[in-house]
2 protein chains.
Amino acid sequence: MATRLSDVAARAGVSVKTVSNVINDYPHITARTREKVEAAIAALGYRPNVSARSLRKGRSDFIALAIPEMGSPYFAELGAEISRAAKRRGITVLIDQTEGEPAAEQLVLDGMRGQLIDGIIFSPLATAPANLTSADTGKPLVLLGERPAGGQFDRVAVDSVQASYDATTHLVSLGRRRIAAIGVGGTSTGAVRRKGYRKALKAAGLTHDPALELAGTGYHRPDGAASMRELLALPEPPDAVFCFNDLLALGALRTLADAGLRVPEDVAVVGFDDIEDGRYHSPTLTTISPDKEWLADNAVALLLDRIAGNNDDTHRDLTVPYTLEIRESTAG
Amino acid sequence: MATRLSDVAARAGVSVKTVSNVINDYPHITARTREKVEAAIAALGYRPNVSARSLRKGRSDFIALAIPEMGSPYFAELGAEISRAAKRRGITVLIDQTEGEPAAEQLVLDGMRGQLIDGIIFSPLATAPANLTSADTGKPLVLLGERPAGGQFDRVAVDSVQASYDATTHLVSLGRRRIAAIGVGGTSTGAVRRKGYRKALKAAGLTHDPALELAGTGYHRPDGAASMRELLALPEPPDAVFCFNDLLALGALRTLADAGLRVPEDVAVVGFDDIEDGRYHSPTLTTISPDKEWLADNAVALLLDRIAGNNDDTHRDLTVPYTLEIRESTAG
DNA sequence: CTGAAAGCGCTTACAG
DNA sequence: CTGAAAGCGCTTACAG
């Protein structure tokens with residue numbers, strides 16, 4: 001039915017081994033032999049069977065990317081970059097949507113893929129560090145995000161404390177004094193970014209007001225919109241808001257527009273992620289812009305290095321470069 | 001090294017066949033045997049090797065989704081829905097980013113996946129119908145989008161002519177008379193949506209003005225922004241714009257904001273896709289909203305039906321339900 | 001229900 | 001360079 005290696009060999013008049021050598025770019029093939037084999041491959045439309053290859057070699061050249069949701073712009077953009085970075089290296093990426101559910105994340109770690117993948121890039125949301133430690137994937141794993149890896153795994157992440165410090169300090173430098181934060185709850189992202197936020201307030205001689213720190217229930221536009229409504233209902237509303245991601249900021253901007261408030265005159269807004277929406281929103285959104293291409297490229301490179309067998313015990317922790325992009329939402 | 005089926009069999013004190021039967025939910029297993037086997041699986045942490053299974057069965061329970069780019073909101077949202085729909089049925093989705101490049105699309109069709117996948121859901125951009133016809137994937141294929149399938153393949157798509165007619169007619173009903181269109185160029189999407197646009201103008205007794213039909217170079221925000229700038233530079237600028245997707249519309253809104261024009265008072269804007277950004281933009285975006293979950297579920301169901309062996313010759317063409325969501329960009 | 005065996009399509013020592 | 005053969009881990013007739 002499907003053409004096999006042996007069919008190609010027969011047609012080219014060479015051994016199976018030689019065809020395999022050609023396909024895998026092994027040395028010691030004369031140009032003439034290579035030509036013959038390639039002609040036979042083309043004539044038969046032969047494609048190697050990856051299941052068979054993977055079964056035999058124990059390597060598939062597939063890696064998994066496990067993210068909470070691919071419909072969310074930050075993860076969509078990141079997934080696109082990681083796919084590209086992998087493709088450049090001849091690797092295919094399988095994307096797992098965990099929806100942030102512990103069970104789904106555990107499935108990923110348990111090797112749900114049935115030994116098909118060679119390694120995994122994992123952006124955890126629900127899984128606690130303790131569980132991560134016990135996760136015996138048996139495959140190399142690179143962590144994304146602020147969740148501390150406990151020195152167990154390689155990790156690639158923005159220095160969120162410093163970035164949040166910068167974002168908040170920017171608002172301080174504008175003369176704002178009642179600076180709120182949206183997204184402090186739940187995840188470790190919230191905790192880490194709040195740390196930088198508070199640090200900046202302290203450095204500016206401001207005390208943080210618990211009433212201005214909103215947790216919300218998630219990191220999406222509706223959560224930002226709802227949190228902003230709470231802030232506006234305060235006896236003394238804020239004159240600036242640092243949202244812990246752009247989606248929250250976009251939701252907050254929507255609430256401010258509905259309330260007829262001017263941005264940045266009445267309330268200045270800063271986000272985090274630099275997703276494309278923020279660059280076209282009215283007003284355009286000031287934000288922390290991590291270098292996503294750098295992130296993707298280094299995460300893939302790190303993983304492939306481990307897959308290739310580099311197992312030294314010094315687990316690497318890479319810090320993603322970022323910039324603060326000042327746009328209309330803070331600079332009228 | 002890795003535990004195998006035979007290890008489980010040995011530990012459970014049963015035959016390899018019995019373990020396989022349990023794993024694959026075959027009948028005629030006593031509860032007691034099943035328990036023993038499941039205990040052994042749990043104790044050993046056994047996971048079936050999908051490469052071996054796929055090699056033997058000729059089926060992997062993997063399908064591919066080939067889209068131009070996963071970083072683009074519409075495709076990101078659609079990909080998320082398709083992943084979910086597939087997961088519900090025990091199927092895993094591999095996502096291929098073609099970047100709309102002919103070579104990449106051809107690779108997909110040539111079965112680059114090396115017979116790993118059971119079928120493919122394909123959203124073509126560059127590949128012409130003629131090439132599609134000749135594509136001998138050897139696997140079931142479901143087409144997405146307006147590109148006519150020529151009766152060759154199953155297809156799931158919005159009735160873009162009708163939807164564009166509705167969008168344009170909505171602008172007419174607002175009393176607008178100089179209604180521009182952005183995105184008429186290049187792709188078959190542009191051609192089809194222009195058809196509906198012109199039809200609506202004609203039905204309203206308006207003639208279409210070539211100066212108001214902008215092709216642009218793509219379907220992203222910058223393209224929409226640039227096209228809108230061209231329209232504003234016209235001696236007689238439009239009083240409404242139908243953008244052939246939301247990204248174009250969001251770019252156009254940005255240009256209008258920069259120009260100090262009011263939406264919808266000066267210019268009304270309609271998009272197509274209903275991506276989440278449009279629901280939070282200021283102003284919120286009126287748009288054609290296809291039922292993405294319906295689309296995803298039916299595309300997956302159609303493909304799995306073919307994979308299961310339904311090969312009747314009546315190729316199916318499913319029409320995705322949609323609504324016109326009227327928001328601030330047309331209803332002040 | 002069980003057990004022994006073949007075979008899916010590769011890669012890889014092995015002997016030449 | 002070639003050729004013959006083993007084996008990756010499954011599933012599946014086959015005989016019982």
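Everything numeric in this text was worked out from a predicted model, so none of it was measured. Residue numbers begin at 1 in each chain, while the letters A, B, ... track the order of the sequences.
- When side chains are defined from C-beta on, N298(B) does not count as touching L302(B), because their heavy atoms never get closer than 4.5 Å.
- Summarising the base pairing, dA13(C) is matched to no nucleotide, lacking a Watson-Crick or G-U wobble pair whose two defining distances lie under 3.5 Å.
- Within a 6.0 Å sphere centred on CZ of R32(A), heavy atoms belonging to other residues, nucleotides or ligands number 12 at most.
- If you take CG of L116(B) and P of dG9(C), they are 14 Å apart, rounded to a whole angstrom.
- Take the nearest nucleotide of DNA chain D for L55(A) and for K36(A): the residue whose nucleotide is more 5' is K36(A).
- DNA chain C is contacted by both S6(A) and S15(B); S15(B) maps to the nucleotide lying nearer its 5′ end (nearest heavy atom per residue).
- V300(A) places a side-chain heavy atom less than 4.5 Å from the side chain of L304(A).
- Atom-to-atom distance recorded for R11(A):CZ and T3(A):OG1 is 10.5 Å, nearest 0.5 angstrom.
- dC10(D) atom P lies 19 Å from atom CZ of R59(B), rounded to whole Å.
- Inter-residue side-chain proximity for D317(A) and D154(A) is flagged as unmet; no heavy-atom pair is nearer than 4.5 Å.
- Contacts of T33(B) with the nucleic acid, taken as non-hydrogen atoms under 4.0 Å apart, involve only primed sugar atoms and P, OP1 or OP2.
- One can place CZ of R4(B) at 12 Å from P of dG7(D), the figure rounded to the nearest angstrom.
- Pair assignment for dA4(C): none, as no Watson-Crick or G-U wobble contacts are both less than 3.5 Å.
- Across dG9(D) and dA13(D), the matching P atoms stand 23 Å from one another, rounded to whole Å.
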Subject >> Base-contact (B) and sugar-phosphate-only (S) positions in nucleotides 11-16 of chain D, heavy-atom cut-off under 4.0 Å, - elsewhere >> reply: BBB---
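- A salt bridge links E99(A) and R84(B); the closest N-O separation between the charged side-chain nitrogens and carboxylate oxygens is under 4.0 Å.
- Atom CG in D7(B) sits about 11 Å away from atom P in dC8(D), given to the nearest Å.
- Summarising the geometry, the separation between CZ on R47(B) and P on dC10(D) is reported as 12 Å, rounded to the nearest angstrom.
- Looking at heavy-atom distances under 4.0 Å, T30(B) makes contact with sugar-phosphate atoms alone, never a base.
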Can I get a per-line list of side-chain donor-acceptor pairs under 3.5 Å for residues 60-74 of chain A, giving both atom names and the distance, sequence neighbours left out?
{"unit_1": "S60(A)", "atom_1": "OG", "unit_2": "F62(A)", "atom_2": "N", "d": "3.1"}
{"unit_1": "S60(A)", "atom_1": "OG", "unit_2": "L116(A)", "atom_2": "O", "d": "2.4"}
{"unit_1": "S60(A)", "atom_1": "OG", "unit_2": "D118(A)", "atom_2": "OD1", "d": "3.3"}
{"unit_1": "D61(A)", "atom_1": "OD1", "unit_2": "R59(A)", "atom_2": "NE", "d": "3.3"}
{"unit_1": "D61(A)", "atom_1": "OD1", "unit_2": "R59(A)", "atom_2": "NH2", "d": "2.9"}
{"unit_1": "E69(A)", "atom_1": "OE2", "unit_2": "H220(A)", "atom_2": "NE2", "d": "2.4"}

